[in-house]
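Reading through the structure tokens given below for one structure.
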Amino acid sequence: QVQLVETGGGSVQAGGSLRLSCGISGYIVRKYCMAWFHQSPGKEREGIAFIDIDGGSKLYADSVKGRFTISQDNDKSTLYLQMNSLKFEDTGLYYCAASSTCYDGPWYRDSVYQYWGQGTQVTVFS
């Protein structure tokens with residue numbers, strides 16, 4: 001089993017920055033692709049950033065492109081999401097997710113991912 005734990009959420013003024021971390025642990029047999037998802041209040045969870053198994057490919061939702069950056073450390077034990085130029089609409093819960101079946105569907109669809117963290121709250125105020 002793979003365990004994911006997000007940290008780094010909090011409250012920040014619009015225009016500010018936060019960095020989220022996702023600690024990855026457990027018995028890892030296969031390599032995983034990873035993603036960050038965002039869930040605004042009253043809305044469905046949506047994929048916003050993706051990194052493939054070898055870290056060579058990164059994809060972003062249009063809503064965060066140019067503002068957010070997904071990365072991993074060298075041993076792939078931690079996933080990061082650097083969030084800059086935060087907007088009010090970035091408020092919500094952020095989840096990291098892992099998949100061993102990365103190409104069974106669009107990367108931004110939550111059904112592709114088998115493992116999820118508990119989520120961390122980000123609140124952007126004006």
Side-chain angles (χ1 to χ4, degrees):
Q1 278 284 42
V2 175
Q3 292 85 43
L4 306 175
V5 178
E6 303 97 336
T7 56
S11 295
V12 62
Q13 193 168 21
S17 299
L18 279 176
R19 188 174 83 155
L20 305 183
S21 299
C22 173
I24 307 164
S25 61
Y27 185 57
I28 300 175
V29 177
R30 304 171 184 171
K31 294 182 179 179
Y32 293 84
C33 59
M34 305 287 297
W36 286 97
F37 280 73
H38 172 228
Q39 186 169 26
S40 299
K43 295 187 178 180
E44 293 185 356
R45 192 163 53 184
E46 59 175 0
I48 56 171
F50 168 88
I51 187 167
D52 72 2
I53 289 174
D54 296 319
S57 177
K58 299 177 184 179
L59 301 171
Y60 298 92
D62 288 343
S63 59
V64 305
K65 200 173 293 182
R67 300 188 299 124
F68 291 10
T69 303
I70 188 171
S71 63
Q72 283 181 312
D73 58 9
N74 289 337
D75 63 2
K76 299 190 183 344
S77 65
T78 308
L79 180 73
Y80 301 101
L81 184 69
Q82 178 66 43
M83 306 188 294
N84 298 328
S85 303
L86 281 160
K87 304 176 181 180
F88 176 76
E89 50 265 41
D90 295 321
T91 293
L93 281 166
Y94 284 77
Y95 300 89
C96 63
S99 174
S100 60
T101 57
C102 305
Y103 304 104
D104 280 2
W107 67 267
Y108 48 81
R109 192 159 294 164
D110 57 10
S111 58
V112 171
Y113 301 85
Q114 296 83 40
Y115 303 102
W116 293 85
Q118 81 289 351
T120 186
Q121 175 69 35
V122 172
T123 302
V124 183
F125 58 92
S126 56

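We count residues from 1, following the sequence as given.
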Item to complete: Following the transitive rule for hydrophobic clusters with a side-chain heavy-atom cut-off under 4.5 Å over Ile, Leu, Val, Met, Phe, Trp and Tyr, establish whether Met83 and Val64 coincide in one cluster.
Response: yes

Discussion item. Please say yes or no: joined through hydrophobic side-chain contacts below 4.5 Å, possibly via intermediate residues, are Val2 and Ile70 part of one cluster?
Written reply: yes

Is a side-chain N or O of [X] found less than 3.5 angstrom from the main chain of [Y], in a donor-acceptor match?
X      : Y      : result
Gln118 : Val5   : no
Asp75  : Ser77  : yes
Thr91  : Val124 : yes
Glu46  : His38  : no

Please give me the minimum heavy-atom distance between [X] and [Y], naming the atom from each residue.
X      : Y      : result
Leu18  : Val122 : CD1-CG1, 3.8 Å
Tyr108 : Phe37  : O-CE2, 3.4 Å
Met34  : Ile24  : CE-CD1, 3.7 Å
Cys102 : Val112 : O-CG1, 3.7 Å
Ala49  : Trp107 : N-CZ3, 3.5 Å
Ala61  : Gly47  : CB-O, 3.7 Å

[atom2] on [Y] to [atom1] on [X], rounded to 0.5 Å:
X      : Y      : atom1 : atom2 : value
Arg109 : Asp104 : CZ    : CG    : 12.0 Å
Phe88  : Ser40  : CZ    : OG    : 9.0 Å
Ser85  : Arg67  : OG    : CZ    : 7.0 Å
Ile48  : Leu81  : CD1   : CG    : 5.0 Å
Ser21  : Leu79  : OG    : CG    : 8.5 Å

Practice prompt. Establish, from distance only, whether the side-chain atoms of Ser71 and Gln82 form a donor-acceptor pair under 3.5 Å.
Written response: no

Worksheet item: Is Lys87 paired with Asp90 through a side-chain N to carboxylate O contact shorter than 4.0 Å?
Response: no

Discussion item. Between Tyr103 and Asp52, is the side chain to side chain contact (heavy atoms under 4.5 Å, CB included) condition met? List the steps.
Written reply: CA-CA 10 Å; Tyr103 304 104; Asp52 72 2; 3.6 Å; yes

Worksheet item: Parallel, tilted or perpendicular: which describes the rings of Trp116 and Tyr95, with under 30° parallel and over 60° perpendicular?
Response: perpendicular

Practice prompt. Quick one: sort the Tyr94 and Phe68 rings into parallel, tilted or perpendicular, breaks at 30° and 60°.
Written response: tilted

Fill in: Stepwise side chain to side chain contact (heavy atoms under 4.5 Å, CB included) check, Gln13 with Phe125
CA-CA 5 Å; Gln13 193 168 21; Phe125 58 92; 3.8 Å; yes

Practice prompt. Determine, stepwise, if the pair Thr69 / Tyr60 fulfils side chain to side chain contact (heavy atoms under 4.5 Å, CB included).
Written response: CA-CA 8 Å; Thr69 303; Tyr60 298 92; 3.8 Å; yes

Discussion item. Please determine whether side chain to side chain contact (heavy atoms under 4.5 Å, CB included) holds for the pair Leu20 and Glu6, giving the CA-CA distance in whole Å, both sets of side-chain angles, and the decisive distance to 0.1 Å.
Written reply: CA-CA 7 Å; Leu20 305 183; Glu6 303 97 336; over 6 Å; no

Fill in: Gln114/Thr101 under side-chain hydrogen bond (donor to acceptor under 3.5 Å, both in side chains): CA gap, chis, key distance, verdict
CA-CA 8 Å; Gln114 296 83 40; Thr101 57; 2.7 Å; yes

